[in-house]
There are 4 protein chains.
Amino acid sequence: MSFKEGEHVLILYKDRKYLKRLVKGLHLSVRGHAISFQDILGKQEGQKIGEFFVLKPSLEDILLLGFKRGTQVIYPKDAFYTAFKLDIRHTDRVLEFGTGSGAMTAVLSLLAGEVWTYEVSERFYKIALKNWETFGLCSNVKAFNMNFADAPLEDEFFDACLVDVKEPWEYLEKVWRVLKRGKTCAFVIPTTNQVSRLLSSMANLFTDLEVLEMLQRHYKTNPERLRPEDQMPAHTAYLLFGRKRI
Amino acid sequence: MSFKEGEHVLILYKDRKYLKRLVKGLHLSVRGHAISFQDILGKQEGQKIGEFFVLKPSLEDILLLGFKRGTQVIYPKDAFYTAFKLDIRHTDRVLEFGTGSGAMTAVLSLLAGEVWTYEVSERFYKIALKNWETFGLCSNVKAFNMNFADAPLEDEFFDACLVDVKEPWEYLEKVWRVLKRGKTCAFVIPTTNQVSRLLSSMANLFTDLEVLEMLQRHYKTNPERLRPEDQMPAHTAYLLFGRKRI
Amino acid sequence: MSFKEGEHVLILYKDRKYLKRLVKGLHLSVRGHAISFQDILGKQEGQKIGEFFVLKPSLEDILLLGFKRGTQVIYPKDAFYTAFKLDIRHTDRVLEFGTGSGAMTAVLSLLAGEVWTYEVSERFYKIALKNWETFGLCSNVKAFNMNFADAPLEDEFFDACLVDVKEPWEYLEKVWRVLKRGKTCAFVIPTTNQVSRLLSSMANLFTDLEVLEMLQRHYKTNPERLRPEDQMPAHTAYLLFGRKRI
Amino acid sequence: MSFKEGEHVLILYKDRKYLKRLVKGLHLSVRGHAISFQDILGKQEGQKIGEFFVLKPSLEDILLLGFKRGTQVIYPKDAFYTAFKLDIRHTDRVLEFGTGSGAMTAVLSLLAGEVWTYEVSERFYKIALKNWETFGLCSNVKAFNMNFADAPLEDEFFDACLVDVKEPWEYLEKVWRVLKRGKTCAFVIPTTNQVSRLLSSMANLFTDLEVLEMLQRHYKTNPERLRPEDQMPAHTAYLLFGRKRI
């Protein structure tokens, strides 16, 4: 499909990527090479224009390069694994507690029937709404700008749950209550101290506890000199999982 | 929901997991503790029976514990990341080349509109069909027991592609041809020699090349003595990604 | 040099290693292949005898295969890094607190002028002495079977210090006292909870604090199919370092 | 011991480290805080001066912060492990082929009786000599600015060998020849292609082949919020080891 004005484009220049909105009159300059956005209109995905390739941004591109960040955005390596680990089907209703910038919501919404997401900060709530609108994501998401503790929710209402807040242990009983029996809850946690504290709190409410971290190592793509990149992220978050016991 | 005869159950005993089909008269014995399958019928997900918890197996449980393996099954850590990386939407048609035991197919089918999967080995083809049938998966999958090279496929037919075969470079032009412009192809590759060879072959057909590995490290879940497990998988596969250039 | 009776030999059979003492009349059988120790006498290091290679065991071989273990032996990957990190010179006097099986002592003794090592358990103390005697190590080591808290030691007596005990924070002030100004102390710690507790205790006594872990990944050595081993150790210990502040 | 003019000092400011030579009249400024070198003279190691700590630089500090680099300096995580792996005793003669900036030489020289090191590049040779002189290292090292291929060396002359050059396979037979029977040779290699090529060449000359990589992950030292650093080195080198077979 060809690029139209107002759409987003991923522009590659060697190892660099730029996510831009196609507005006439603008251009991108990289190291002495320039590409005019006017020239991208009508071009095909995957086409080469001078030194540049033009592509439709993938969900990963959008999360990494396109989303405005009110807070730390969850990494694709963590988000993609976690979403599947929640074992969601297209008819499922999923709870997200801690919308943040809405990145995890966008991933969950691709697997779920609907996602209900709660965010107490008005600033983050607005950033998330804006992010989804900008990239046409999350049409099956109900977002609430409220404290999860105050949310009027039926018992055993959700098929899966994702919690990404600072003090998850304070809301653990409510999370447990609104989750269906045996279903999975995931937690995204930055420090070992929080992991220990959360594990202690979970023991009587959840079973099949798992704590893990995902590490992703990229390689340079020169086939004659194959080797890993020089640097990699050493830590983003610990991921915790448990299933509701009764 | 309560367990019924003929269903699958995940039985937890401390850190151990067993995936079983509920057949009357059978039971599971672990270290001197026994659970009769008769006693599980009618019980709720997440319920404790003696020393055991009973749960519905998740997709990850099914892939790791339930699938018969004709060949190496792709690991969830790799499959879950790869599936999202392919940037699949519910209306998309996805190609899988190399069905194997059907594990990756099951993951792709949750994100895609439909999956077309090709497997040349009759043995693997039958194992995959059986695996899906056993666990009620892959209703949107078309499986072909044929050589991908012989498959009569239109150009630019697929929105994404996953290749997991020994010599992917031999089929690269056809893979490129049946993929839509700019769309992503993923490769699952065990050795660095194959990575080098594939990268060389891809350079003129694909752009935005990425090579990476996913490492997953589990922790022991004792909150007073938090530490990683003693052992972890050091390697399953290198993951390669590229987008069709034109 | 040629092998003599009573010496230790490292016998390789493909990827397997065996550390044996050369006693006449004995032999080693591996998968249907046998090597008589009689036949090794007089042979050269590096020589091939049937399907086997015979070598002098290195320090790493001795620590991994030869040392009797009363407790967890420190891994070479951790021991080798830590020993150099202590910045020891041949004229230095090094303190080890927690002799254990004597593996770390053997590593330290190669860099130091002398090592003073303390072990409260009589069983471990005897195992360590026996290990060193068996392999002719640690001639510059003074080993004490006593509680470090009771050791009559001058202030600022040691040039470096290695602590490998369960509750290092209880001895921290004494460790600090016997160490020379600005010199390094290393700690070997298995859990994150202990790391947190030790860091809290160290803050006023030590500066230049570091916490790290060493991960070692082996590869299969087939040049046509280069790839990492399937499994690797995921965790042995966290290593902490600090320098005495005044 | 107290600091004297002309000596090197490691200055800590929070998480930052600076290695400086104490020259009167100079000072260090970090984020609005300044320390005059005059004020450090006569101070003790480990002492706090304003916001700064002053310490004697360790070998690791010197390699990371003090050595001039003509080429990539080997990382301490790799150098420290490799040096011990060579199984060197104080009476041993060690060969280094590829002096580079002299970092590995400095590590080897602490374990060996003497190190003979060869460097073909005059520029690197001079950098290495200068590095050792600056920090008072390597008094037991014989450095040669010549092509290793031309070095007049007796057979079975060295107890261990370290090779860090671009095309080690070209010199493999000579390396093998000058090494004593059964002794260890280590190679430092950046790419998988080189690893494959070197492994192929080694098969008939060496046994007990090992390929591995060392990964080091640092943690932030806040005990209340223990977590790994955000970034880590993903790759420095593959380490290969083999023992001379006959």
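Proteins get letters first, then strands, A, B, ... in listed order; numbering begins at 1 in each. Just so it is clear, the values below take in all heavy atoms, side chains as well, and ignore hydrogens, waters and symmetry mates. This structure is a prediction, so every number in the text was calculated from the model and none was measured.
- In this structure, A:D150 places its CG atom where more than 12 heavy-atom neighbours from other residues, nucleotides or ligands lie under 6.0 Å away.
- By the 6.0 Å contact criterion, CG on D:D230 is enclosed, its count of non-hydrogen atoms from other residues, nucleotides or ligands being greater than 12.
- Around the NZ atom of D:K68, the shell of radius 6.0 Å holds no more than 12 heavy atoms that belong to other residues, nucleotides or ligands.
- Of all heavy-atom pairs between D:N193 and A:L226, the closest is OD1-N, 2.8 Å.
- In this structure, chain A has heavy atoms under 4.5 Å from both the backbone and the side chain of D:R225.
- Annotation: A:K130, atom NZ; neighbour count of heavy atoms from other residues, nucleotides and ligands within 6.0 Å does not exceed 12.
- More than 12 heavy-atom neighbours from other residues, nucleotides or ligands sit within 6.0 angstrom of CZ on D:F124.
- For the options A:P233, A:P223, A:P190, heavy-atom pairs under 4.5 Å to chain D are most numerous at A:P233.
- When the candidates A:H218, A:R227, A:E213 are compared by the number of heavy-atom contacts under 4.5 Å with chain D, A:R227 comes out ahead.
- The neighbour count for A:K126 NZ, taken as heavy atoms of other residues, nucleotides or ligands under 6.0 Å away, does not exceed 12.
- Counting only heavy atoms from C-beta outward, the side chains of D:M232 and A:M232 approach each other to under 4.5 Å.
- Here the shortest heavy-atom pairing between D:P228 and A:A234 reads CB-O, 4.1 Å.
- Comparing A:Q194, A:R217, A:K220 by how many heavy-atom pairs each has under 4.5 Å with chain D, the most go to A:R217.
- Chosen from D:E229, D:Q231, D:E224, the residue pairing most often with chain A at heavy-atom distances under 4.5 Å is D:Q231.
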